[in-house]
Amino acid sequence: MFHSFLIYSLLVTIVFCQFAPTNETIVHHDGRLWDVVIETCDKDGAGTDAAAYLKIFYESGHDSETFHLDNPGRNDFEQGSRDHFKIFFKQSDIVNMGLFWWPGFSLSQSWCVNWVLLLNSDTEACFEGIFEKWILHYRDPPTYATRFHRLRYADCVRPGPSTAERRTYLRYDDIVRNSGGTANDKNDDDD
């Protein structure tokens with residue numbers, strides 16, 4: 001029995017090591033499981049087959065984490081689709097988020113995102129990042145949310161339109177910090 005437990009522990013450790021960032025410090029997942037929902041724009045060429053990443057920024061220690069977004073066996077980030085991921089965040093004091101993609105071996109590598117929701121049912125926390133723009137492929141800095149808000153958990157089930165009144169604004173006025181144009185300004189030089 002004890003021998004089986006040791007083998008099981010070793011296998012779990014090997015699986016988690018495969019997902020650890022290779023050029024960053026190893027993150028011990030002592031935090032909570034969050035639901036991440038991303039809506040890809042419904043425009044021609046908005047979907048991507050490139051590797052997509054989410055970067056979460058925390059208040060404590062000005063720390064951040066980067067996550068590769070992929071549902072194995074599923075074609076993520078199709079035009080007009082909503083994709084759902086379950087991710088462990090090490091902290092809950094989120095102050096902003098960013099997205100970026102990394103080129104792969106496919107033709108469809110542009111990516112436009114409408115919004116991202118971060119939901120945690122344990123703490124009834126919900127954050128909304130409004131992007132409504134084309135995501136750049138730079139890792140640092142990533143493409144930041146144009147507007148980032150904390151919402152009531154009940155309002156996160158079905159987010160309102162981007163023009164709806166928001167209850168709390170956290171930190172960034174990304175009109176100034178914006179790293180790219182609007183969703184209507186697709187850069188033709190993004191290959």
Side-chain angles (χ1 to χ4, degrees), residues 12 15-21 24 26-42 46-61 63-102 111-133 135 139 142-172 174 183:
V12 168
V15 168
F16 278 118
C17 288
Q18 290 176 351
F19 296 109
E24 297 179 14
I26 294 177
V27 175
H28 299 286
H29 297 294
D30 296 331
R32 297 185 183 274
L33 184 66
W34 287 71
D35 290 290
V36 177
V37 181
I38 300 176
E39 183 179 80
T40 300
C41 300
D42 193 12
T48 188
D49 292 325
Y53 294 86
L54 170 70
K55 190 166 186 177
I56 299 294
F57 297 91
Y58 303 110
E59 183 73 28
S60 298
D63 203 3
S64 66
E65 282 184 287
T66 301
F67 303 95
H68 180 218
L69 302 170
D70 184 37
N71 286 317
R74 184 165 187 268
N75 196 359
D76 299 314
F77 310 116
E78 292 299 303
Q79 177 182 332
S81 70
R82 290 183 184 172
D83 296 288
H84 178 245
F85 305 91
K86 291 201 172 276
I87 301 175
F88 280 99
F89 292 173
K90 65 182 177 181
Q91 298 178 35
S92 60
D93 59 339
I94 301 168
V95 293
N96 204 355
M97 68 177 86
L99 294 170
F100 66 95
W101 56 269
W102 200 251
W111 187 27
C112 178
V113 172
N114 282 333
W115 49 259
V116 176
L117 287 179
L118 309 175
L119 300 99
N120 181 272
S121 59
D122 293 338
T123 60
E124 293 192 357
C126 174
F127 297 94
E128 173 189 53
I130 305 286
F131 284 83
E132 294 181 328
K133 59 185 167 184
I135 305 302
R139 178 185 174 128
T143 303
Y144 295 104
T146 304
R147 291 183 307 269
F148 183 75
H149 309 276
R150 182 172 185 149
L151 299 177
R152 289 184 323 153
Y153 186 74
D155 292 339
C156 261
V157 177
R158 176 109 172 121
S162 62
T163 56
E165 188 174 320
R166 302 299 193 242
R167 298 207 185 305
T168 307
Y169 183 78
L170 282 181
R171 184 172 173 177
Y172 289 100
D174 284 319

Worksheet entry | Validation row: Ile130, Phe148 side chains within 4.5 angstrom (heavy atoms) | no
Worksheet entry | Ile135 side chain reached by Trp101 side chain, heavy atoms, under 4.5 Å | yes
Worksheet item: Of all heavy-atom pairs between Ala51 and His68, which one has the smallest distance, and what is that distance?
Response: CB-NE2, 3.7 Å
Discussion item. Could you tell me if the side chain of Lys90 sits less than 4.5 Å from the side chain of Phe88, heavy atoms only?
Written reply: no
Worksheet item: Taking it one step at a time, do Lys86 and Trp34 satisfy side-chain contact (heavy atoms from CB on, under 4.5 Å)?
Response: CA-CA 6 Å; Lys86 291 201 172 276; Trp34 287 71; over 6 Å; no
Discussion item. Between Asn96 and Ile56, does the side-chain contact (heavy atoms from CB on, under 4.5 Å) criterion hold? Intermediate values first, please.
Written reply: CA-CA 6 Å; Asn96 204 355; Ile56 299 294; over 6 Å; no
Fill in: side-chain contact (heavy atoms from CB on, under 4.5 Å) between Val36 and Val116, worked out
CA-CA 7 Å; Val36 177; Val116 176; 4.1 Å; yes
Fill in: Note, Glu132 side chain near Arg147 side chain (heavy atom, < 4.5 Å)
yes
Worksheet, complete the sentence: Rounding to 0.5 Å, atoms OG1 (Thr66) and CG (Leu54) come to a distance of 8.0 Å
Fill in: Any Trp115 side-chain heavy atom under 4.5 Å of Ile38 side chain
no
Fill in: Value rounded to 0.5 Å, distance of CZ in Arg74 from CG in Asp76
5.5 Å
Discussion item. Taking the side chain as everything from C-beta on, heavy atoms only, tell me whether Phe57 gets closer than 4.5 Å to Pro142.
Written reply: yes
Fill in: Distance in Å, Gln91 CD paired with Arg32 CZ, rounded so as to fall on 0.5 Å steps
13.0 Å
Response to the item:
side chain to side chain contact (heavy atoms under 4.5 Å, CB included) test vs Cys126 passes for just one of Leu118, Asn120, Leu151, namely Leu151
Practice prompt. Using modelled atom types only, decide if a donor and an acceptor are shared between the side chain of Thr146 and the backbone of Phe131 within a distance under 3.5 Å.
Written response: yes
Fill in: Spacing of Tyr153 atom OH and Arg150 atom CZ [to the nearest 0.5 Å]
12.0 Å
Fill in: Contact check, side chains of Asp35 and Phe85, non-hydrogen atoms, under 4.5 Å
no
Discussion item. Using 0.5 Å steps for rounding, measure from the OG1 atom of Thr48 to the CZ atom of Phe77.
Written reply: 8.5 Å
Discussion item. Looking only at the aromatic ring of each residue, does the gap between the centers of Tyr53 and Phe67 stay below 6.0 angstrom?
Written reply: no
Practice prompt. Output the distance between atom NZ (Lys133) and atom OH (Tyr144), rounded to the nearest 0.5 Å.
Written response: 10.5 Å
Worksheet item: Taking it one step at a time, do Glu78 and Asp49 satisfy side-chain contact (heavy atoms from CB on, under 4.5 Å)?
Response: CA-CA 8 Å; Glu78 292 299 303; Asp49 292 325; 3.9 Å; yes
Practice prompt. List the atom of Cys41, the atom of Asn114, and the distance in Å for their closest heavy-atom pair.
Written response: SG-OD1, 3.2 Å
Item to complete: Taking the side chain as every heavy atom from C-beta outward, state whether Thr143 and Phe100 have any atom pair closer than 4.5 Å.
Response: no
